[in-house]
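Written below as structure tokens is the structure these notes are about.
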Amino acid sequence: MERIYIKDLRDYFGKEIELQGFVDNIRDLQYVQFLILRDYTGKVQVTIEKNEENSKLNAIVSGITIESTVKIKGTIVENEKVKLNGYEVIPSVITETSRCLEELPLNFKDSSSALIDTRLDNRFLDLRNDNNILMFKIQSYLVQCMREYLYENDFSEIHTPKLIGAASESGSEVFEVKYFDRLAYLAQSPQFYKQMAMSSGFDRIFEVAPSFRAENSNTNRHTTEFTSFDLEFSYIDSYEDVMQLEENMLTYAITKVNERYGEIIKNAFGTEVVVPKTPFPRVKLPDLYKELKEKYNFEMPSLDVGDMNAESEKLAYRYAMEKYNSEFIFVTDFSPKKRAFYHMRKDGIPQGFDLIWRGVEITTGAQREHRYDILKEQAKEKGLGADVEFYMNFFKYGCPPHGGFAIGVDRLTMLLLNIPTIKESMFLFRGPNRLTP
RNA sequence: GGUCCGGUAGUGCAGUGGUUAACACGUCUGCCUGUCACGCAGAAGAUCGCGGGUUCAAUCCCCGUCCGGACCGCCA
């Protein structure tokens, strides 16, 4: 029999259908039993009167445990009495297809009733929560829309290695892996390979893949393994082209997410999807600090001028909202000391940016230095030598001017849905103290 | 890595230097004329994170250790 989803039941009134799902709840009264069936599209009430004719069904329902899975054949009928959607299933056959054997280790229906650590220990159950399932449908759609935008703009998706032979930048923040009789590293970014694709003439590429960072970071927005949405493209005139691509892509994706999920997100997560307007405001870091000083009496600790910290990111958001009514703001003109050697510089200023959304950094991007001699000089200045030799070769044989950026998908999801921690906005969190499940 | 805070039934929490460690949800049993967060009654369920110390006596005080949380740093 054809599989019917609960969300489509309205199309089958009066017909015999077959449903499958989890037993969400059972209310076993004296003369009637109610079984609430749940699949990933919704819930429906299955009603069984207690009588001679139904004695077999009554026995099955009495013996069933909540969260077992069942297959139900029955007829879907309208009934005003039912508060859940106004219809119910009158079953002819109920088959238990798997059994929940033990008491659940947490009440996944109420996320606030268990600590995040308990939830992560039992993530497969925690994810049965309606909002969690919804969150991943939305994340999936968001990424689909970003991909869609790029495909429409002649980008191709590539897949770069995550096992690498040399630590890509500093070496201090990569995981070592035993690789036969020597060491390998887990990629902390596809940066070098994205640029290799530019050198290879791929012109416009992106990748959605894991990145690994061996940083002992304990915050609500860091994880040792995250999904990075990376892209790189050629023949740009400046990093302004990179910012434009990013704001257009995000606006396209958020517009579509809002169309499909805006109302649902408001109801489920209590937060508004705000479709941004392009162009996003842009501010130079020194100018931003002048404004933050004037408006909020904020001053960076002097050692950190040329970079941002958590507080200045939050204030940058406040500033963007108050002055531009924008949740997004591009910040440019960081100190070269704080930026990677491969960022192009002009008059000593890195030609790159951070994008702050709702007070959190979601992107670093830049025009890259594609001129061999200058790049070599900048690498030397950062103390990089043999480790980047293979990379330097990309620029010896002609390489288009290019740039790109990376977005953290899990952070993006967290911010879009106003989820308090990245531990919840990724399928399985990985942190300094968590490698399981 | 730093600072602060926490670890007590399945889950979330209360509490005490000494008798039976309280409460809510969940679980189980019985009852209940259609429930819809069903309701009612009862029952079971806790080496009080682990190791050491102080004490007549430690779940409680002290030290160590492990685990976790919030914020900061690092970044996506």
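So that the names make sense, note that chain A is the first sequence line, chain B the second, and so on, each numbered from 1.
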P spacing across the pair C13(B) / U19(B), given as an integer number of angstrom:
26 Å
Suppose you measure atom P in A14(B) against the same atom in G6(B); what distance do you get, rounded to whole Å?
10 Å
Return the nucleotide paired to G26(B): Watson-Crick means purine N1 to pyrimidine N3 with N6-O4 or O6-N4, wobble means G-U with N1-O2 and O6-N3, both under 3.5 Å.
none
Select one nucleotide: of A37(B), G68(B), A76(B), the one nearest the side-chain heavy atoms of N25(A).
A37(B)
Report which part of the nucleic acid I362(A) touches: base, sugar-phosphate, or nothing (heavy-atom distance under 4.0 Å, all strands).
sugar-phosphate
N107(A) CG to C13(B) P: how many Å, rounded?
14 Å
Nearest-Å distance once atom P is located in both G10(B) and C48(B):
12 Å
K266(A) and T271(A), any side-chain heavy atoms less than 4.5 Å apart:
no
Closer than 4.0 Å, any side-chain N/O of K314(A) to the OP1 or OP2 of C72(B)?
yes
Nucleotide nearest A114(A) when distance is taken to its side chain, options G68(B), G34(B), G12(B):
G12(B)
Is S217(A) near enough to C75(B) that one of its side-chain N or O atoms lies under 4.0 angstrom from OP1 or OP2?
no
I'd like the P distance from G64(B) over to C4(B), given in whole Å.
14 Å
Which is true for E49(A) with a 4.0 Å heavy-atom rule: it touches a base, it touches only sugar-phosphate, or it touches nothing?
base
Between R123(A) and D126(A), which heavy-atom pair has the shortest distance, and what is it?
NH1-OD2, 2.7 Å
Quick one: the side chain of Q45(A) and the base of U35(B), do they pair up donor-acceptor inside 3.5 Å?
yes
With sugar-phosphate meaning primed atoms plus P, OP1 and OP2, does D410(A) contact a base, only sugar-phosphate, or nothing at under 4.0 Å between heavy atoms?
nothing
Mind checking the P distance from C74(B) to G15(B)? Whole angstroms is fine.
38 Å
Under 4.0 Å between a Lys/Arg side-chain N and an Asp/Glu carboxylate O for R368(A) and E232(A)?
yes
With a 3.5 Å limit on both atom pairs, tell me what C74(B) is paired to, counting Watson-Crick and G-U wobble, or say none.
none
Looking at side-chain heavy atoms only, is the closest gap between I158(A) and F202(A) below 4.5 Å?
yes
Decide, applying a 5.5 Å centre-distance limit and a 30° plane-angle limit (both strict), whether F34(A) stacks on G34(B).
no
Watson-Crick or G-U counterpart of C56(B), or none if no pair lies under 3.5 Å
G18(B)
Roughly how many Å is it from CG in L115(A) to C1' in A70(B), rounded to a whole number?
13 Å
For residues V143(A) and F229(A), determine if any side-chain heavy atom of one lies less than 4.5 Å from a side-chain heavy atom of the other.
yes
Given the P atoms of C66(B) and G26(B), what is the spacing between them in whole Å?
38 Å
I66(A) near the nucleic acid: base, sugar-phosphate alone, or nothing, with a heavy-atom cut-off under 4.0 Å?
sugar-phosphate
Student check: side-chain heavy atoms of F136(A) and Q139(A) closer than 4.5 Å
yes
What's the gap between C31(B) and C25(B) when it is taken at their P atoms, as a whole Å value?
22 Å
4.5 Å side-chain heavy-atom contact, I356(A) and T363(A):
no
Separation of L29(A) atom CG from G30(B) atom P, in whole Å?
15 Å
With RNA chain B as reference, determine whether E311(A) or E225(A) sits nearer its 5' end, using the nearest nucleotide of each.
E311(A)
What's D28(A) touching, base or sugar-phosphate or nothing? Going by heavy atoms closer than 4.0 Å.
base
Rounded to the nearest angstrom, tell me the gap between atom CD in E361(A) and atom P in C72(B).
14 Å
When every non-hydrogen atom of D333(A) is compared with those of P286(A), the smallest separation belongs to O-CD, 3.8 Å
Nearest heavy atom decides the nucleotide; on that basis, is S112(A) or V82(A) closer to the 5' end of RNA chain B?
S112(A)
Classify the side chain of R411(A) and the base of C75(B) as holding, or not holding, a donor-acceptor pair under 3.5 Å.
yes
Say you pick atom C1' in C67(B) and the same atom in C28(B); how far apart are they, in whole Å?
32 Å
Grab the CD-C1' distance between E103(A) and C28(B) for me, whole Å please.
9 Å
Does a distance-only test, which skips hydrogens and angles, find a donor-acceptor pair under 3.5 Å between the side chain of E88(A) and the base of G34(B)?
yes
Is N433(A) near enough to G68(B) that one of its side-chain N or O atoms lies under 4.0 angstrom from OP1 or OP2?
yes
Whole-Å distance, R339(A) CZ to A76(B) P, equals 8 Å
Answer yes or no: does a side-chain N or O of K423(A) lie under 4.0 Å from OP1 or OP2 of G69(B)?
yes
Looking across every strand, which nucleic acid part, if any, lies under 4.0 Å from S211(A) by heavy atom: base, sugar-phosphate, or nothing?
nothing
Report yes if at least one side-chain N or O of R221(A) is closer than 4.0 Å to OP1 or OP2 of C72(B); otherwise report no.
yes
When all nucleic acid strands are considered with a 4.0 Å heavy-atom cut-off, which category describes N309(A): base, sugar-phosphate, or nothing?
sugar-phosphate
So that I can tick it off, tell me whether E369(A) and K346(A) are bridged by a salt bridge, with the cut-off set at under 4.0 angstrom between side-chain N and carboxylate O.
no
Could you work out which one of G12(B), U27(B), G73(B) sits closest to the side chain of A310(A)?
G73(B)
Pick base, sugar-phosphate or nothing for T223(A), based on heavy-atom distances below 4.0 Å to the nucleic acid.
base
Which one is paired to G68(B), where only Watson-Crick or G-U wobble pairs with both distances under 3.5 angstrom count?
C5(B)
Which part of the nucleic acid, if any, lies within reach of L104(A) when heavy atoms closer than 4.0 Å are counted: base, sugar-phosphate only, or nothing?
sugar-phosphate
Calculate the interatomic distance between N218(A) atom CG and C75(B) atom C1'; express it in whole Å.
13 Å
When we call it a touch if two heavy atoms are under 4.0 Å apart, what does T47(A) touch: a base, just sugar-phosphate, or nothing?
base
Starting at CG of D307(A) and ending at P of A76(B), how long is that distance when rounded to a whole Å?
11 Å
Would one find a side-chain N or O of S113(A) under 4.0 angstrom from OP1 or OP2 of G26(B)?
no
